[in-house]
Amino acid sequence: MDTVFALVDCNNFYASCERVFDPRLAKLPVVVLSNNDGCIIARSNEAKAAGIRMGEPFFEQQDLIDRHNIQVFSANFTLYGDMSNRVMETLKQFSPQMEIYSIDEAFLTLSGTTGDLESCAREIRRTVRKWTGIPVSIGLGLTKTLAKAANRFAKRIPECDGILDLSLNPAVDDYLEQLEVGDIWGVGFRYAKLLNRHGIHNALQLATRPDAWIKKNMTVTGLRTVTELRGTTCIRLEHFARPKKAVLTSRSFGQLIRDRTQLSQAVAEFTAASAEKVRRQRSAAAFVHVFIETSSFRDESQYRNFVTVGLPTATGHTPVLIKYAGRALEKIFKTGYNYKRAGVMLSGLVPDSQVQLDLESDQKKHRQKQAIMQAVDKINLSQGRNTVFYAAQGVDKPWKMRQLKLSPRYTTSWADLPVAKA
DNA sequence: TCTGGGGTCCTAGGACCC
DNA sequence: TCTGGGGTCCTAGGACCC
């Protein structure tokens with residue numbers, strides 16, 4: 001009996017979500033764009049094969065997209081978030097020990113003998129596909145880092161058919177030798193270049209370097225990664241989501257903003273969104289940070305600035321946060337620039353229950369404010385974002401992001417429900 | 001014309017204190 | 001003009017992840 005880590009990763013997740021509700025897409029190449037229809041952030045296998053590159057600006061790939069009849073979608077995070085929940089709920093059936101690592105990935109721990117583990121993984125894969133329509137790949141290993149590596153191979157080697165178990169695999173070193181350092185979980189672009197300069201090109205070479213050398217060049221984080229490659233667990237399963245220390249809402253605008261009022265409305269909107277995230281984890285924020293910037297791609301005068309303001313007491317109350325965000329904006333706003341992007345971060349997050357209040361009257365007001373925000377959140381959750389909103393957020397929103405290719409919110413909006421025809 | 005968004009952790013160095 | 005030793009806290013910047 002061994003306990004091993006399984007990494008379940010949804011294949012081309014956003015593109016797969018679009019396909020679930022539109023069977024016409026099954027054999028067609030599909031790409032999904034980032035907010036504001038800017039860059040390509042997801043590609044079906046067919047789109048990859050056609051030569052579409054990840055993270056590239058959409059408009060630069062337009063020719064290729066037309067030539068291959070590639071189906072293009074604006075990011076529909078409402079849909080993807082809901083599909084993610086369905087996948088995660090399905091995975092929970094298979095292991096009580098689970099960590100939701102990202103919108104499309106989860107670590108599970110599985111127990112069993114070698115053969116069992118693989119058939120268990122196959123069962124998970126079949127079930128997720130059947131219940132949600134999403135194809136997944138599963139990698140198994142003695143550590144999270146090895147499970148990640150196994151997953152990479154499971155996706156790339158057709159014979160794996162979506163599953164690879166490296167947990168007690170005698171060939172694990174052969175696989176590590178095939179794994180380029182830049183593809184190791186925890187080794188990014190910078191470290192990969194540094195390692196290459198030192199003649200280290202694959203995971204096996206890295207795993208055999210002395211600890212002291214690793215620590216000196218890649219800090220303790222790098223040493224953890226290397227130890228995990230050798231099969232010793234350093235990175236535990238995070239069973240419970242830890243509360244965030246800061247939340248950020250930022251957007252590029254659909255069109256440039258010059259006007260102070262419009263910019264302040266956008267900032268109010270982002271503040272409201274951040275505040276909602278803060279309340280969702282039952283926190284209150286002690287600092288508001290606001291940044292604004294012009295587009296560095298445009299050949300015109302540039303400006304960017306960032307400012308922090310502290311609140312007298314931590315709060316999750318949207319109107320208070322909007323007020324302080326507005327003051328912050330006043331400190332950095334300059335007339336005469338074409339603004340392209342703004343963002344609002346809330347930090348100094350503390351549990352809502354720990355907020356210090358002295359006076360009894362304060363406590364009463366505090367409870368009233370909380371009740372209002374709860375009501376607002378409840379309405380917006382059930383009826384859709386910004387069903388109820390603050391006047392400071394504005395109404396026209398000329399800066400709203402572009403989403404020209406948005407698919408319906410099939411699963412979360414009655415109006416968008418797919419219709420089955422006889 | 002059009003170029004995403006949201007996080008975490010670690011370290012070095014400076015400020016400050018005794 | 002010379003100028004110790006040790007500790008903590010904060011911040012900026014750099015690395016990483018999806």
Side-chain angles (χ1 to χ4, degrees), chain A residues 7-10 12-14 31-42 53-63 65 72-77 80-81 84 99-107 144-145 148 151-152 181-195 214-226 228 234-235 238 241-256 270 273-274 276-278 280-281 287 289 291 293-300 306 308 310 338 340-349 401-405:
Chain A
L7 175 70
V8 183
D9 189 327
C10 301
N12 316 323
F13 182 54
Y14 300 160
V31 299
V32 176
L33 307 179
S34 62
N35 276 338
N36 219 23
D37 292 346
C39 296
I40 289 167
I41 57 167
R53 290 189 305 275
M54 184 69 170
E56 295 284 312
F58 170 46
F59 72 93
E60 283 178 7
Q61 312 251 318
Q62 188 77 63
D63 287 350
I65 283 167
V72 179
F73 292 90
S74 301
N76 186 343
F77 288 111
Y80 311 150
S84 174
E99 171 186 343
I100 297 173
Y101 179 65
S102 75
I103 194 167
D104 69 337
E105 284 173 73
F107 288 103
K144 281 177 158 183
T145 305
K148 269 275 196 182
N151 192 285
R152 258 194 103 74
V181 284
D183 293 333
I184 300 167
W185 186 48
V187 178
F189 174 72
R190 296 283 149 83
Y191 281 151
K193 256 173 65 177
L194 181 142
L195 292 169
I214 303 289
K215 194 171 173 192
K216 180 165 166 261
N217 288 282
M218 302 171 73
T219 82
V220 294
T221 329
L223 186 54
R224 273 200 284 271
T225 294
V226 171
E228 288 232 324
C234 295
I235 307 170
E238 302 272 349
R242 279 184 290 185
K244 289 185 172 62
K245 297 174 176 175
V247 300
L248 170 71
T249 303
S250 74
R251 291 281 178 280
S252 295
F253 304 132
Q255 58 186 63
L256 300 168
F270 303 159
S274 285
E276 192 184 317
K277 294 178 198 170
V278 164
R280 201 176 306 152
Q281 65 167 29
F287 297 96
H289 317 257
F291 69 85
E293 63 189 32
T294 52
S295 169
S296 57
F297 294 103
R298 290 173 66 88
D299 187 18
E300 60 188 25
F306 177 93
T308 300
N338 293 316
K340 177 62 181 173
R341 205 165 93 96
V344 176
M345 185 162 78
L346 300 177
S347 74
L349 303 188
M401 65 182 173
R402 255 191 316 278
Q403 287 185 302
L404 298 177
K405 320 258 186 189

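Chain letters run A, B, ... following the sequence lines, proteins first, then strands; residues in each count from 1. Only heavy atoms go into these numbers, but all of them, side chains included; no hydrogens, no water, no symmetry mates.
- Between C/dC18 and B/dT3, the distance separating the two P atoms is 25 Å to the nearest Å.
- Stem analysis of DNA chain C (Watson-Crick or G-U pairs, both distances under 3.5 Å, runs of at least three) returns B:5-18 with C:5-18.
- Comparing A/Leu248 and A/Pro57, the nucleotide of DNA chain B nearest to each residue sits closer to the 5' end for A/Pro57.
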Next on the checklist: Run A/Val31 and A/Gln61 through side chain to side chain contact (heavy atoms under 4.5 Å, CB included) and show every step you take.
Outcome noted: CA-CA 11 Å; A/Val31 299; A/Gln61 312 251 318; over 6 Å; no

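- With respect to the salt-bridge test (charged N to carboxylate O, under 4.0 angstrom), the residues A/Arg280 and A/Glu276 qualify.
- Residue A/Lys277 qualifies as enclosed at atom NZ: its count of foreign heavy atoms under 6.0 Å is above 12.
- Within 4.0 Å (heavy atoms only), A/Ser295 reaches no atom of the nucleic acid at all.
- At the heavy-atom level, A/Ala246 lies under 4.0 Å from the strands shown only through sugar-phosphate atoms.
- Rounding to the nearest 0.5 Å gives a distance of 12.0 Å between CD1 of A/Ile184 and CD of A/Glu228.
- Within the nucleic acid shown, A/Lys215 has no heavy atom closer than 4.0 Å to any nucleic acid atom.
- Aromatic ring pairs are classed by plane angle as parallel below 30°, tilted from 30° to 60° and perpendicular above 60°; the pair A/Phe77 and A/Tyr80 is perpendicular.
- Put simply, chain A comes within 4.0 Å of DNA chain B, heavy atom to any atom, from B/dC2 to B/dT11, going 5' to 3'.
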Next on the checklist: A/Lys340 vs A/Thr294, test: side chain to side chain contact (heavy atoms under 4.5 Å, CB included). Steps then yes/no.
Outcome noted: CA-CA 5 Å; A/Lys340 177 62 181 173; A/Thr294 52; 5.6 Å; no

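- Within the 4.0 angstrom heavy-atom criterion, no nucleotide atom of any strand lies near A/Phe58.
- No engagement by A/Glu56 is indicated, since no non-hydrogen atom pair under 4.0 Å with the nucleic acid exists.
- At a threshold of 4.0 angstrom between heavy atoms, the contacts of A/Lys148 are confined to the sugar-phosphate backbone, with no base atom among them.
- In this structure, A/Glu105 CD and A/Leu7 CG are separated by 5.0 Å, a value rounded to the nearest 0.5 Å.
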Checklist entry - Given the rule in the side chain to side chain contact (heavy atoms under 4.5 Å, CB included) test, do A/Lys148 and A/Phe107 qualify, once you have shown the distances and angles that lead to the verdict? => result CA-CA 9 Å; A/Lys148 269 275 196 182; A/Phe107 288 103; 4.2 Å; yes

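- Residues A/Gly55 and A/Pro243 both approach DNA chain B. Their nearest nucleotides, taken by heavy-atom distance, put A/Gly55 toward the 5′ side.
- A/Asp37 comes within 4.0 angstrom of no nucleic acid atom, judged by non-hydrogen atoms across all strands.
- Nucleic acid contact class of A/Ile184 (heavy atoms, under 4.0 Å, all strands): sugar-phosphate only.
- Taken to the nearest 0.5 Å, the CZ atom of A/Phe270 stands 6.5 Å off from the CZ atom of A/Arg251.
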